[in-house]
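Working notes, beginning with the structure itself.
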Amino acid sequence: GEKVGAVKVRLYRPFSVEDFRNALPQTVKKIAVLDRTKEPGSIGEPLYMDVVAALKDRKDITIIGGRYGLSSKEFTPTMVKSVYDHLDNECTHGFTVGIIDDVTNTNTEIREEIDSESPDDIKCKFWGYGSDGTVSANKNSIKIIGESTDQYVQAYFSYDSHKAGGITVSHLRFGKHPIKSQYFLTKANFVALHKTSYIGRYDILEGIVEGGTFLLNSPWKPEDVFNKLTPDMQQTIKEKSIKVYTIDANKIAKDVGLGNRINTVMQAAFFKISGVLPEQEAIKLMKDAVKKQFSRKGEKVVQMNWDAIDKAGEALQQVRIPERATGAAAYHKHVPDDAGDWEKNVIEPIMKLKGDDVPVSKMPLDGAIPTGTNKLEKRGIALTIPKWIPEKCTQCGICAMVCPHASIRIKQIDPKDLENAPKGFTTLKSNTKNDQGLRFRVQVYPQDCTGTNACGNCMDLCPTKALVEQPLEEALANGEAERATFFDSLPDITDGTTTNTVKGSQMVSPLFEFSGACAGCGETPYLKLVTQLFGDRMIIANATGCSSIYGGTFPITPYAKNKEGRGPAWANSLFEDNAEYAFGFRLAVDANRRELKAALEQVLQTGTTNELKAAIEKYLPLWDQVSEEAKATAKEVLQHIPHAKEEAHDESEPIMFRIDELKDFLIDKSVWAIGGDGWAYDIGYGGLDHVMASGRNVNVLVLDTEVYSNTGGQCSKATPRAATAKFAVSGKKQSRKDLGRMLMTYGNVYVASVSLGANMNQVIKAFNEAENYPGPSIIIAYSPCIAHHIDMKHSNKEYKLAVESGYWPLYRYDPQKRAAGENPFQLDSGEPKVPFTDYINNEGRYKSLKIQFPDQADELFKKAEEDAKWRLQELKQMKHDQPAVPAKPEEGQGQRPQNEK
Ligand SMILES: Cc1ncc(C[n+]2csc(CCOP(=O)(O)OP(=O)(O)O)c2C)c(N)n1
Ligand code: SF4
Ligand code: SF4
Ligand code: SF4
């Protein structure tokens, strides 16, 4: 052995030099200080600096510092050993642990793998599916084991960053010895797989021990199960004599009324097979835990979970392992063979959950990543998907408009493009006013749809029931994926319609697609729409929140490019400064455009090719436009730049060089600040207000879920009175902040309040008006969310209910109307059509108040209704106001201040 030690600094500030020095034995020769933080540009991380200062007189001690555990990286015993080895060998300062740094070569070398696990512990690994309840069930299970046996227990979880429907892996340990450290299992006695679509995608049985157990949730008969596994899994099962069980947890969950929540069923199956506790005792303990956990949601939910526990025992079946397999599952191809380096070197390993093996040299220098990559995921998480019934379809486009995942689309198709169409690619005669005999099709992207079992909003809102449910497996078997690929390759044709309509807007391919938002998310349809309207020239500053997570789940992004290679540029900023971030984009775009325009005018004087001269002269009068004519003319300029650059003589040469550098700014950018209410109403409000007051042309989209959704539903100033939320468990006592009305007081800010499912045309109008308005604009968009505790299969109906009950008025305030002597305010929704209680009673966030605090509930509900009435009354008053005097031009038009150079 060796004499080594570790000092854990628990109270960091004030840093106690005396205690620190006292903790060190006199014999210490070398110290490696580990910081779990990164201060680029510093000479060492904070703890290292403190240690150096604390020991400044101890010249006999060598002190080095390094980073570990960043981005939730594991810190395993093997890595700890590598740090001691580093002290013994290279002993260089600025080392890193747990990454492969082949650029600066600072990572510690792994010289020995250490397995410090007790061989007697039982280790169980559960592959779950985000939001199926696996994690909470496992927390329950480990609590039950910990409290009802004399065993030590630990539950440790890994999640990917999808908002829902991602992978969760639960790592459970229990045994006779205390378990002190946290790291993922490398071996498992028990493996459970809750989602069959993971077969062939991930190494499910990695680390399973000899004689271990494998539990599978599948709809398959026991005799079919073995042939549905990959050859590797089949081999492992045979070689290690694994016992295999199957259970159709989705069927049980559906039958008892739990929908997709299979957790209780799988938990009951785990207890039955594992035998950790006698079966009857386990059942009793599970039922007690269910009562404790769900009683606030009502007796019905408790009973459904109890039924699930009872049914699980009977439904569990052992799989007989055949002598040899007569079939096998294929391995999933994560990226196509012709994919680029980024896809192959970074996306593919990360998709296989092998991201730790990606070396630093494969990372982008500036953090920028290619767009249009969420489409590679093809998660296949749906159980059932919509099937189009052409003869019932009216070609309205509503299904495409409301789909939160851009997984159902409409297109007009030129008949000549149908020559190579795959089998079953049915089309209708397009009913737009076109004279080219265009065809029409609704296409489902089967592997990208989150499922009618979880979302189903397209079906829910289809006015003619032209969409029906079909199992994903069936759709894939009859070629729907190939049809989607063909459909995707076809061009967008909007002839005979206009993008200012629901139908026309949906005929443009979305440049925000297949995000990892929750099934049925109410935020994402707005993002999809805004990219269909302005995506080819958008720059988006995104506040931290759900939209930054599903908008940029490294290394992929749902923001995409059109067939010409144009699409939104997107970046995530801090929660607290996102409006300012977008403001910076605006300033930069304006400055670049000013310079480009001056250069174009200059080169006309100094001389250039006839073609470029003609194109510039044609384009300059269109400089302030973003019309199709302007885009086409800008293209002509672009086309002639390379030759003109080659031909440029002395004086024109540097000007042409600059024109070439700035050419992307020929058409003005559409600058957007996007984020949730936590950002806009609370934490980023100061900056937002500042930018709104600036008069600059920045568009703001507030995805208003009325809570901090990304962090689990904390109350914000947008949370309505009476709604329960984290930090407002007994119902919020204050009314919500009226951000729209506050910003209208500036008089030169375009303000709109929208709710997609309530009035889709009003949403499109608001987006277009906001974009066309030359000053600051804000759109406040009602966004149903899982945090409202609603059935996400009908989330789109919530948009409507909120408006029709009078809770969420729709309006637009356009300062430009003042100049025409009109009232800038327009109320787009009328008197309430349905009782306020219809809206309240439909949402768990209100209903739970009634269950938990019945005494206060009625009073608060009454006040909430009064809030809504009062708000509507105030707005109606504005509607009847006489037109105000025109806005002062320097306020309203967002021009560059006179003193700006
Ligand atoms: C200054 C700061 N505080 C807290 C957080 C943690 N945080 C990240 S996202 C988020 C919630 C975002 O809520 P909201 O803006 O309403 O957007 P949503 O998730 O609802 O779309 C919080 C609190 C943070 N990133 N920065
Ligand atoms: S079920 Fe949901 S995700 Fe699937 S196509 Fe319909 S709306 Fe889109
Ligand atoms: S919503 Fe229904 S009717 Fe409208 S386009 Fe879609 S499938 Fe056709
Ligand atoms: S806004 Fe709500 S529904 Fe949408 S991704 Fe976030 S938590 Fe899920």
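Whatever order the structure lists them in is the order used to number ligands and atoms, beginning at 1.
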| query | Can you tell me if an N/O/S atom from Cys396 lies under 2.8 Å from atom 4 (Fe) of ligand 3? | reply |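 Under 2.8 Å: Cys396 contacts atom 4 (Fe) of ligand 3 through an N, O or S atom.
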Does a donor on one side chain and an acceptor on the other come within less than 3.5 Å for [X] and [Y]?
X	Y	result
Asn542	Ser547	yes
Asn699	Arg586	no
Ser730	Lys733	yes
Thr501	Asn761	no
Asp682	Tyr708	yes
Asp35	Thr37	no

| task | Please confirm whether Lys717 makes a cation-pi placement over Tyr681, using NZ or CZ under 6.0 Å from the six-membered ring centre and within 45° of the ring normal. | result |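 No, Lys717 and Tyr681 do not form such a contact.
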| message | I need the protein N, O or S atoms closer than 2.8 Å to atom 4 (Fe) of ligand 4, given as residue plus atom name. | response |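 Metal shell, protein only: Cys521 SG.
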| Output field: ring centroids Phe575/Trp679 closer than 6.0 Å |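 Not under 6.0 Å, so no.
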| Which atoms of ligand 3 sit under 4.0 Å from any heavy atom of Thr464? |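 Reading through ligand 3 atom by atom, the close ones are 3 (S).
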At what distance is the nearest protein heavy atom to [atom], and which residue and atom is it?
atom	answer
atom 8 (Fe) of ligand 3	Cys393 SG, 2.3 Å
atom 2 (Fe) of ligand 3	Cys462 SG, 2.3 Å
atom 5 (S) of ligand 3	Gly397 N, 3.3 Å

| query | Which word best sums up how the rings of Phe487 and Phe425 line up, parallel for under 30°, tilted for 30 to 60°, or perpendicular for over 60°? | reply |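 The rings of Phe487 and Phe425 sit tilted, inter-plane angle from 30° to 60°.
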| query | atom 1 (S) of ligand 3: which of Cys403, Ala400, Cys399, Cys458 has the nearest heavy atom? | reply |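 Looking at heavy atoms only, the winner is Cys399.
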| task | Quick one, list the residues around ligand 1 where some non-hydrogen atom comes in under 4.0 Å, by chain and residue number. | result |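 The answer is Glu523, Thr544, Gly545, Cys546, Phe575, Glu576, Gly676, Asp677, Gly678, Trp679, Thr705, Val707, Tyr708, Ser709, Asn710, Thr711, counting any residue whose heavy atom sits under 4.0 Å from ligand 1.
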| Do Tyr846 and Thr724 come within less than 4.5 Å of each other through their side chains, counting heavy atoms only? |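 Tyr846 does not reach Thr724 side chain to side chain.
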| request: Would you mind telling me which of Thr432, Asn431, Thr497, Thr494 makes a side-chain hydrogen bond (donor to acceptor under 3.5 Å, both in side chains) with Lys503? | output: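 Option passing the side-chain hydrogen bond (donor to acceptor under 3.5 Å, both in side chains) with Lys503: Asn431.
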| query | Do Arg67 and Lys38 pass the side chain to side chain contact (heavy atoms under 4.5 Å, CB included) test, and can you show the C-alpha distance, the side-chain angles, and the key distance before you say yes or no? | reply | CA-CA 7 Å; Arg67 298 169 184 157; Lys38 174 178 163 187; 3.5 Å; yes
